[in-house]
Chemist: 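I have a structure I would like to understand better, so I am pasting it below and will then ask my questions one at a time.
In what follows, chains are A, B, ... by sequence order, proteins preceding strands, each numbered from 1.
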Amino acid sequence: MTQITKRVLRALIVSAFVFLLGLVSPCRAFARAEIFSSAERCVISILLRKEFYAKTPPALAQWIALNNRYIAEAQEILNRGTVGKWFWGTPTQAERDRAQSDINYYTAQNNDLQAAIAAGTALTRAQLEALVSRWKAEIERKWTLPDYVYRCCKVEVKCVFLVRDENDPPKEGFDQIGIVPGNFRSFISTNHPWNFDANGFSNTPYEHDMGGTWSMNTINDYEAPHEAGHEMGLKDQYTDPPAGGGSIPVPGHENDIMDGGGAMTAAQLARLSPVSTSGATSVDNIATILDSRRAHCEPACCERHGERPDIRIGFATGLHETGRRHYDEPVRVSVADVGRAAIPDKTKATDPTTITPDELTPGPAKEGVQYKQTDSQGVKVDTGIHYQDTPGGVQVDTTTLATGKGPDFRNWEVTDTSIMLDGKKIKPVKKDRFYVPKESAAKGAATAIFVGLGLQYEDKMGDGEVCPVTGERIGGGPEKGEMARAIDRAGMAAGMGLLVSQAKGEITGQKSSFSLDEAQAQQLREGKGSLRVISEHIETRKRNTTEVPLGEVAY
Amino acid sequence: MMRKLMIFVLILFMGCLVAFKTTASRKDILKVPQDFKIVAMAGGRAPGTTVSRVEIDAEGNAVLSKGVFEEKERFRVADPAMRRIYGEILENDFFGLESKYQDDRVLDGSFAELTVTCDGKTHTVRTTNTKVERFDNVMIAVNLATPGMDKVVYNAILE
């Protein structure tokens, strides 16, 4: 066998092997959005990987083909033979004139279309690379806000963008985006349903491949970042154009990058942001993404930056010595006492703290507290509610914790809370997570609820030293209401406090603050309000919705 | 036996030819109905993207508008193009289409809407991010009747 023959044979064998390997290997060209957290840098990164290529739009060629069909029909009339005349009839002069007119018309049109194709509708490699580079810069600049912090971590969006020729094979691990010229409207697509949740978020980009086609004529500083928002799981915040007009923004999202408003100029669109305010509505798309994906910022980052760590509540042993009180055993506490702002009974008990569910009706009192426990489809939701009158209405603080039954005890987490007032949904102005070790939740979820509600952790930690275990302020700091102080004492009396150390098997609860105006406060007092608590199973993502009555509704 | 078979095939063939001849075809469409009117609208869904609209009456008088529908151009649709548009409406059974077609897997992108009035009937169809051949054929005919490169275009007919 000659050398050449051997080489050819070897090449054929290798090619066949690669081909067969491609058939059996799940070679994945497409990518999924990813989120990483760096403890060293204290940065949460959202990574988007895309590969772009210039698509040759076939449309103009298809239109030419359609016109050619009409030209052929017209020519048949002019050139009709004996059989055709027998079947169709002999064309009249009017029909012949019309056929000639059609030929002239469509031929001229085809010439225009050919000229448009020849005018260079395809991008050169250099143009493509410049375009992609611009989009990368726009997306990273728009979504990486210099002053934005998520739970003590900075947040950045990073784009790894590549370019290829249309006929090159797609690179594995990169979403494929075609680029077309002209009046094309950019879009993102997937073969899987989006299933947006109530917050306008979808996990689809993190679990399935994405694709799409973008126009080369994108609106500067808006279109590419807007599409990137979809690739991070966000929904459009506009409604489709009605007959006779452009799209309409969802109320509250007029300055949101995921919307804009139909009548905005390109310059106005370029000023839209992932974090925005419009009227009384605040939009934080970055928090929506990170909350929904349960992104984590290491507690060490908070300590390093002198900011408060995540709130962790549980039974603490070896409590920090404050010099004032030192409880080394759990004590019996009555919620009724808490509600009445009385000093709790410090009778020692051998059993873990028990809380008797009770409630107080908020009314003319300046403050009020409620505790609710609901059980819905095997999910128990413990809710603490603190009402405080404000000059403009009422502030409602809630803490909620969801637990399951049996092995599912710690597998539920509260993902969203909102107040429903007469059918209208009110979002919290502030949300925090808190974590309760499984053991503490099992012993006294109600107590954990009240500790979280007791506002032990103040935002202005720098105004005074705060014991990181009990959260008790040691000198200085803003005044609290009597109720809050009473809850603090009750919590400390119960032996519960804030834990610094990370605990495994924690259950995630949510603490939310709502600001209601006077009209809304009145609706609340009339019993028209409820707290909607949405919890999700951390593995199956099964959702449970619980409505907790608020205000004067008896439990 | 063979002869009988050939005669049968010949009769069948002649029957098909007669049926084909008596079927209305594009060649028989001389003029659109007097109440004929078509309003075609298309553009981007996302804010800031242009929406275009063209309105054509039975005489071929047409108005093209863009943006928030400021009138941009008035023109006359040539007779071949009018017959073509009407022919596409009939051949694609436009009045038999659903009123809405949408691909929910696609975000942003474009939409197109067509309202046709003829012979006392009016029907509106809207497509969003999806190809509907019977609808697209009519829209292409409208676009080819619109002068220049300023047209009522949307993604499904550009891809």
Side-chain angles (χ1 to χ4, degrees), chain A residues 55 57-60 62-63 66-67 70 73-74 76-77 87-88 94-95 98 101-102 105-106 109 112 116 180 182-194 212-213 219 222-223 226-227 230 235-236 238 240-241 243-249 259-266 268-269, chain B residues 17-18 20-21 25-27 30 39 41-53 65 67-69 78-81 83-84 87-88 102-111 113 115 124 126 128-129 136-137 140-141 143-145 147-159:
Chain A
K55 272 172 81 165
L60 296 182
Q62 286 172 352
W63 293 13
L66 275 170
N67 281 350
Y70 282 92
E73 286 180 6
E76 188 279 329
I77 291 173
F87 190 73
W88 292 109
E95 285 175 333
R98 193 163 45 247
S101 170
D102 285 357
Y105 180 84
Y106 291 120
Q109 216 172 56
D112 288 341
V180 293
N183 296 324
F184 198 86
R185 309 302 177 196
S186 304
F187 69 83
I188 290 292
S189 65
T190 175
N191 284 330
H192 193 83
W194 284 92
T213 303
I219 301 168
Y222 165 70
E223 205 161 328
H226 176 92
E227 299 305 328
H230 290 317
K235 183 183 178 184
D236 281 317
Y238 62 81
D240 271 332
S247 58
I248 298 171
D259 168 51
M264 279 197 173
T265 64
Q268 288 170 319
L269 287 166
Chain B
L17 277 181
V18 169
F20 187 61
K21 183 183 178 182
S25 73
R26 192 191 312 276
K27 300 176 180 58
L30 300 178
V39 179
M41 183 167 64
R45 297 174 73 205
T49 52
T50 309
V51 175
S52 300
R53 182 173 181 270
S65 312
V68 289
F69 302 137
D79 193 42
R83 285 185 284 110
R84 175 184 191 159
E88 293 288 356
Q102 181 162 353
D103 187 347
D104 289 327
R105 297 169 303 173
V106 180
L107 298 181
D108 296 324
S110 66
F111 77 101
E113 187 175 288
T115 302
T124 300
R126 185 179 181 115
T128 305
N129 289 319
D136 295 339
N137 286 342
I140 289 172
N143 274 294
L144 288 171
M149 297 312 294
D150 238 347
K151 297 185 185 297
V152 190
V153 293
Y154 53 105
N155 290 355
I157 61 172
L158 289 176
E159 282 195 297

Chemist: Using heavy-atom distances under 4.5 Å, tell me whether I140(B) contacts chain A through its side chain, its backbone, both, or neither.
Modeler: side chain
Chemist: For the residue pair R105(B) and H192(A), what are the closest heavy atoms and their distance?
Modeler: CG-O, 4.4 Å
Chemist: How many angstroms lie between atom CG of N129(B) and atom OG of S189(A), to the nearest 0.5 angstrom?
Modeler: 9.0 Å
Chemist: Would you mind checking if D236(A) and R45(B) are paired as a salt bridge, meaning a charged N to carboxylate O distance below 4.0 Å?
Modeler: no
Chemist: For R185(A) and D108(B): C-alpha separation, side-chain torsions, deciding distance, then whether side-chain contact (heavy atoms from CB on, under 4.5 Å) applies.
Modeler: CA-CA 8 Å; R185(A) 309 302 177 196; D108(B) 296 324; over 6 Å; no
Chemist: Below 4.5 Å, heavy atoms only, C-beta onward: do R84(B) and N67(A) meet side chain to side chain?
Modeler: yes
Chemist: Measuring heavy-atom distances to chain A, does A81(B) have an atom under 4.5 Å in its side chain, in its backbone, in both, or in neither?
Modeler: both
Chemist: What's the shortest heavy-atom distance between A145(B) and Y105(A), and which atoms?
Modeler: CA-OH, 3.8 Å
Chemist: For T190(A), which atoms come within 4.5 Å of any heavy atom of chain B: side chain, backbone, both, or neither?
Modeler: both
Chemist: Taking atom CH2 of W194(A) and atom CG of L107(B), what is their separation to the nearest 0.5 Å?
Modeler: 4.5 Å
